[in-house]
> 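Before anything else, here's the structure in question.
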Amino acid sequence: MHIVLLGPPGAGKGTQAEMLSEAGDLAHVAVGEILRQAIREKTDLGIEAEMYVEQGELVPDEIIAGVIEERLRADDAQKGALLDGFPRNLTQAEFLDQLLKKLGLSLDAVVYIDVPFAALIRRSTGRRICSGCGRVYHVEFNLPQRDNVCDECGGELIQREDDREETVRNRLEVYLEQTGPLVDYYDERGLLRRVDGDQSIDEVFQVLKTMVLESHS
Ligand code: AP5
């Protein structure tokens, strides 16, 4: 089972992908997290991607194509994967079609998490992530058990560089211009499923679990 999670920055793609991958034993392919880790570790990929990520711009397609191909060829992605943050424009969507074909795989569904723009700024600017394992929290909606400490690994919680309000606004513009057209692209192919993301994390999860895991089991 290969599923794309589509939605604007802050829609809850990462949060839901984490929960669904655990519940359904699927690989969580989180392109943004792969890039942030590469930036932390100062690898060649990290050095190439850093400026784009920090400004909220898309990293060039040819760099992302290599990242996604390597990730989808990994052993854990063969049983199925949730693609979080890819594709993000039409070129990437066409690349994904060709790549899955080459790997003998297919796309089962594209789940669009719909959240009003007014809620997205609050979600992104209040987000905190673990500096150790990358787990996602929120200062109002998803608190850790101990202040500023990750429940999972005990790491310190920090704010993402690109979660400052000005950068979040730019990411929303980039989304509207480049990623928005993918809603129609996948709708026309009969793959699009819509979920109301303006509910609590657990409510969204219950809907997704039925839609994604139970309908494909
Ligand atoms: P990426 O990390 O993928 O960022 P994004 O797509 O902008 O998505 P976010 O991580 O901001 O949001 P999300 O939908 O995952 O929400 P989350 O679950 O965290 O990409 C970062 C950058 O990398 C890009 O800007 C770009 O530069 C580059 N990049 C990545 N992929 C690329 C690609 N394919 N091509 C080119 N460049 C690429 O939730 C947000 C917050 O809200 C959290 O605090 C969470 O706790 C909270 N929350 C979640 N759900 C709810 C809810 N239902 N109610 C209340 N709060 C909630």
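Counting convention: from 1, in listed order, for ligands and their atoms alike. We count residues from 1, following the sequence as given.
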> Considering only non-hydrogen protein atoms, determine which one is nearest to atom 35 (N) of ligand 1 and report residue, atom name and distance to 0.1 Å.
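Its nearest protein heavy-atom neighbour is Q92 NE2, 2.9 Å.
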> Is any N or O atom of K13, backbone or side chain, closer than 3.5 Å to an N or O atom of ligand 1?
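N/O-N/O distance under 3.5 Å: yes.
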> Which heavy atom of L100 sits nearest a heavy atom of S106, and at what distance?
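Minimum heavy-atom separation between L100 and S106: CD1-C, 4.1 Å.
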> Counting heavy atoms not belonging to Y185, are there more than 12 under 6.0 Å from its OH?
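Counting neighbours around OH of Y185, more than 12 heavy atoms of other residues, nucleotides or ligands fall under 6.0 Å, so yes.
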> Looking at ligand 1, does E18 have a heavy atom less than 4.0 Å from it?
no
> Please state which protein non-hydrogen atom is closest to atom 7 (O) of ligand 1 and give its distance, to 0.1 Å?
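Result: R171 NH2, 2.8 Å.
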> Who's the nearest protein heavy-atom neighbour of atom 38 (C) of ligand 1, and how far?
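Here the closest protein heavy atom is R88 CD, 3.8 Å.
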> Could R127 and D162 be called an ion pair, given the rule that one side-chain N must be under 4.0 Å from one carboxylate O?
no
> Tell me whether G10 has any N or O atom under 3.5 angstrom from an N or O of ligand 1.
yes
> Looking at atom 40 (C) of ligand 1, what's its closest protein heavy atom, distance included?
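I find the closest protein heavy atom is R127 NH1, 3.5 Å.
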> Within the supplied structure, the quantity of interest is the number of heavy atoms (other residues, nucleotides, ligands) at a distance under 6.0 Å from E54 CD; does it exceed 12?
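Atom CD in E54 is crowded, with more than 12 foreign heavy atoms closer than 6.0 Å.
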> Decide if atom CD of E41 counts as having more than 12 heavy atoms of other residues, nucleotides or ligands within a radius under 6.0 Å.
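Result for CD/E41: enclosed.
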> Among all protein heavy atoms, pick the one closest to atom 51 (C) of ligand 1 and tell me residue, atom and distance.
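Ranking protein heavy atoms by distance from atom 51 (C) of ligand 1, first comes I201 CG1, 3.3 Å.
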> Heavy atoms only, cut-off 4.0 Å: how does V59 contact ligand 1, side chain, backbone, both, or neither?
both
> Tell me the closest heavy-atom pair linking D198 and D196, and the distance in Å.
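D198 and D196 have their closest heavy atoms at N-OD1, 2.9 Å.
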> In the protein, which heavy atom is nearest to atom 15 (O) of ligand 1, and how far is it?
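Atom 15 (O) of ligand 1 sits closest to the protein heavy atom G14 N, 2.8 Å.
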> Give the atom numbers and elements of ligand 1 that come within less than 4.0 Å of a heavy atom of F86.
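Contacts of ligand 1 toward F86, numbered from 1: 34 (N).
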> Is A11 close to ligand 1, meaning an N/O of one under 3.5 Å from an N/O of the other?
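Yes, A11 has an N/O under 3.5 Å of an N/O on ligand 1.
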> Which option, V53, D84, V31, owns the non-hydrogen atom nearest atom 22 (C) of ligand 1?
V53
> Using distance alone, determine whether E33 and ligand 1 share an N or O pair under 3.5 Å.
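E33 vs ligand 1: no N/O contact under 3.5 Å.
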> I'd like the name of whichever of R123, Q55, M19 reaches closest to atom 57 (C) of ligand 1 through any heavy atom.
R123
> Using distance alone, decide if ligand 1 has a nitrogen or oxygen within less than 3.5 Å of any nitrogen or oxygen in E57.
yes
> Flag the pair R123 and D163 as a salt bridge only when some basic side-chain nitrogen lies within less than 4.0 angstrom of an acidic carboxylate oxygen.
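Salt bridge absent between R123 and D163.
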> Can you tell me if CD on E166 sees more than 12 non-hydrogen neighbours from other groups inside 6.0 Å?
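Open.
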> With heavy-atom distances below 4.0 Å as the criterion, list the atoms of ligand 1 near T15.
17 (P), 18 (O), 39 (O), 45 (C), 49 (C)
> Short list, please: which atoms of ligand 1 are under 4.0 Å from a heavy atom of V136?
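Close to V136: 19 (O), 43 (C), 44 (O), 45 (C), 46 (O).
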> Parallel, tilted or perpendicular for Y175 and F117, by the 30°/60° rule?
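It falls in the tilted class, 30° to 60°.
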> I need the atoms of ligand 1 closer than 4.0 Å to a non-hydrogen atom of P8, numbered in the order shown.
14 (O)
> Would a hydrophobic clustering, with Ile, Leu, Val, Met, Phe, Trp and Tyr connected at side-chain separations under 4.5 Å, put V136 with I34?
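No: no chain of side-chain contacts under 4.5 Å links V136 to I34.
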> Can you figure out which of H138, Q178, R122 has its heavy atom closest to atom 47 (C) of ligand 1?
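Ranked by closest heavy atom to atom 47 (C) of ligand 1, first place is H138.
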> Does any N or O in the side chain of R122 come within less than 3.5 Å of the main-chain N or O of A118, such that one atom is a donor and the other an acceptor?
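Not confirmed, R122 side chain does not pair with A118 backbone.
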> Is the shortest N/O to N/O distance between Q16 and ligand 1 below 3.5 Å?
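In fact, backbone or side chain, Q16 has no N or O that close.
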> Quick one: closest heavy-atom pair of L157 and R128, and the distance?
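Scanning both residues, the minimum pair turns out to be CB-CB, 4.1 Å.
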> One thing to verify: whether E161 and R164 come together as a salt bridge, which I'm taking to mean a side-chain N less than 4.0 angstrom from a carboxylate O.
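So R164 pairs with E161 through a salt bridge.
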> Answer yes when E165 and R169 have at least one side-chain N-carboxylate O distance shorter than 4.0 Å, and no when they do not.
yes
> So for atom NZ, which belongs to K101, do other residues, nucleotides or ligands contribute more than 12 heavy atoms lying within a distance under 6.0 Å?
no
> For ligand 1, is any non-hydrogen atom under 4.0 Å from N142's backbone (N, CA, C, O), its side chain (CB onward), both, or neither?
side chain
> Has S200 got any heavy atom lying under 4.0 angstrom from an atom of ligand 1?
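Yes.
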> Checking a contact table here: which protein heavy atom is nearest atom 34 (N) of ligand 1, and how many Å away?
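Looking at atom 34 (N) of ligand 1, the protein heavy atom closest to it is G85 O, 2.8 Å.
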> Looking at L107, D108, L103, which hits side-chain contact (heavy atoms from CB on, under 4.5 Å) with L105?
L103
> Hey, is R160 one of the residues with a heavy atom under 4.0 angstrom from ligand 1?
yes
> Report, in ascending order of atom number, the atoms of ligand 1 lying under 4.0 Å from any heavy atom of F141.
55 (C), 56 (N)
> Nearest to atom 28 (C) of ligand 1, what protein heavy atom do you find, and at what distance?
L35 CD1, 3.5 Å
> At under 4.0 Å between heavy atoms, which part of Y137 makes contact with ligand 1: side chain, backbone, both or neither?
backbone
> Short list, please: which atoms of ligand 1 are under 4.0 Å from a heavy atom of Q199?
52 (C), 53 (N), 54 (N)
> Any link between L176 and L172 through a network of hydrophobic side chains (Ile, Leu, Val, Met, Phe, Trp, Tyr) touching at under 4.5 Å?
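L176 and L172: one cluster.
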> Just jot down the ligand 1 atoms closer than 4.0 angstrom to any heavy atom of R36, in number order.
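Contacts of ligand 1 toward R36, numbered from 1: 2 (O), 21 (C).
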